[in-house]
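Structure first, then comments.
Fair warning: this is a prediction, and the values are worked out from it, not measured in the lab. Just the heavy atoms: all of them, side chains too, but no hydrogens, waters or symmetry mates, feed the values below.
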Amino acid sequence: MKKTRTLASAAGAVVLVTGAASFAVLGGGTATAAGQPSSAYGLSLSIAGNAVIGEDTVQVESTDGSLVEDELIGLPDNPVASGGVITVSAKNGNARAAVTDLGVGDGLLSALPSELTSQLGSACDTLVGALDPLTGAIDDTLLGTLLPQIGGLLDQIADATDGTPLDLSLLGALNLSELTSLQLGGLCDVLRGDDQLVGADAVVAECNGDTGTTTVTDISALGLPLDIDVDEPNAKVEIPGLLTVTANEQIANADGTFTVNALHVNLLGQVDLVIASATCGEVINDVDDPGPSDAPSPTPVESHVPVTG
């Protein structure tokens, strides 16, 4: 895994703990940055409440208000998400995070027994073959046979993953009849490893003060174009029981900062993924206690001292 770092000065990278950061300056004094800093991170992933990829995998925080940047190529190994390049930056009143070539759900079932996935693949092949390529319609008689078969296989997947780090037990509770025929075909493609649950060419979050924007290029879910208005704050699309995607998630935080999450994805109620997060804050730098300085050299003064004795 290759990393590229372009961090700003060490002063700009000091971790803020209490809301004010201090660092040494020339001359022996101390400079204090008061307020809440801007920050950004590329991605966070948790499964069943356990962190798999933390925010600090690629994260910056501008504790003195100056520009801080970082970049990461590729994601740590995990069973859910993949990405190309993550870039983050932050400075006073502005932050930005971007992720390219995002994939969610890659190899979702790769750890399962091959005989189970091959059965699922065969059933899905039959299902996809029965779909009309133009309308997405499906033969009702065939549907009545296939859905119980696929549902039974999903029950087996649920049992096989129960209690594992990637618990897919909710797949067994998925009501396949609520999915459209095209969504069914897309779900099969994901389960076979042929497609991503969610994919996007580029995902960008940016904030300026207390306003934010999200840009998402070519986003899809179950292999189908996802119709979601990223210009609308907190826009949401849901595939019942399977997937919830919130775009341009905007949060006014209690400490006065403002956060924009470009995408917030929840899978099967237990996989939680935030992609491209930017938080805007403001710090003010003051210089106190200048400390000792060099005193001027004394100037000799000519005088007469009386002699006694």
Side-chain angles (χ1 to χ4, degrees), residues 3-9 12-17 19 21 33 35-46 51 53-75 81 83-102 104 198 200-219 228-236 244-266 272-284:
K3 289 187 178 182
T4 304
R5 303 293 178 184
T6 54
L7 289 174
S9 63
V14 174
V15 176
L16 183 70
V17 176
Q36 299 296 335
S38 296
S39 61
Y41 67 87
L43 184 142
S44 69
L45 169 66
S46 64
I53 300 176
E55 297 176 8
D56 58 354
T57 300
V58 55
Q59 181 184 43
V60 292
E61 187 175 52
S62 175
T63 57
D64 67 351
S66 64
L67 177 64
V68 188
E69 299 174 291
D70 199 2
E71 182 178 85
L72 176 66
I73 299 175
L75 291 181
V85 178
I86 300 173
T87 57
V88 291
S89 64
K91 62 182 180 179
N92 247 2
N94 174 268
R96 185 180 187 272
V99 180
T100 64
D101 298 327
L102 171 71
V104 180
V198 176
D201 285 350
V203 179
V204 182
E206 185 168 6
C207 62
N208 287 284
D210 59 358
T211 61
T213 59
T214 289
T215 304
V216 180
T217 305
D218 292 335
I219 185 171
I228 188 167
D229 184 4
V230 298
D231 293 328
E232 181 71 21
N234 304 307
K236 185 176 291 187
T244 301
V245 178
T246 304
N248 197 17
E249 185 177 50
Q250 300 192 3
I251 305 167
N253 300 303
D255 62 2
T257 59
F258 178 77
T259 296
V260 181
N261 297 323
L263 290 178
H264 191 168
V265 178
N266 187 275
D272 196 72
L273 179 65
V274 174
I275 305 132
S277 179
T279 296
C280 278
E282 193 85 17
V283 293
I284 301 172

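Using a 4.5 Å cut-off on side-chain heavy atoms (C-beta onward), V85 and E71 make contact. L263 is listed as a side-chain neighbour of I219, based on a closest heavy-atom distance under 4.5 Å. Using a 4.5 Å heavy-atom threshold, the side chains of L273 and L43 count as touching. The side-chain heavy atoms of N248 and Q250, taken from C-beta on, include a pair separated by under 4.5 Å. Side-chain contact between E249 and T214 is absent, with no heavy atoms from C-beta onward closer than 4.5 Å. At least one side-chain heavy atom of V204 sits under 4.5 Å from a side-chain heavy atom of R96. In this structure, the side chains of I86 and L75 come closer than 4.5 Å at one or more pairs of heavy atoms.
No option in N261, L45, V265, T259 other than N261 meets the side chain to side chain contact (heavy atoms under 4.5 Å, CB included) test with V274.
Interatomic distance, I251 CD1 to C207 SG, rounded to the nearest 0.5 Å: 11.5 Å. The distance from atom SG of C280 to atom CG of D210, rounded to the nearest 0.5 Å, is 9.0 Å.
Partners of S39 by side chain to side chain contact (heavy atoms under 4.5 Å, CB included), not counting sequence neighbours, listed by chain and number: E61, T279.
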Quiz item: Given K236 and T244, is the side chain to side chain contact (heavy atoms under 4.5 Å, CB included) satisfied, shown in steps?
Solution: CA-CA 7 Å; K236 185 176 291 187; T244 301; 3.8 Å; yes
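The heavy-atom pair separating A95 from A40 by the smallest distance is CB-CB, 4.4 Å. Contact record, S38 with G93: OG-N, 3.3 Å, taken as the closest heavy-atom pair. When all heavy atoms of N92 and S62 are compared, the pair lying nearest together is N-OG, 4.3 Å. Closest of all the heavy-atom pairs between L102 and I275 is CD2-CD1, 3.7 Å. The shortest heavy-atom contact between L67 and S89 is CD1-CB, 4.2 Å. Heavy-atom minimum distance, Y41 versus A97: O-CB, 3.4 Å.
The backbone N or O of D255 sits nowhere less than 3.5 Å from a side-chain atom of N253 that would complete a donor-acceptor pair. Judged by distance alone, with hydrogens and angles left aside, the side-chain atoms of T246 form no donor-acceptor pair with the main-chain N or O of N234 at under 3.5 Å. Judged by distance alone, with hydrogens and angles left aside, the side-chain atoms of D70 form no donor-acceptor pair with the main-chain N or O of V88 at under 3.5 Å.
Side chain to side chain, T217 and D201 fail the donor-acceptor criterion of an N or O pair below 3.5 Å.
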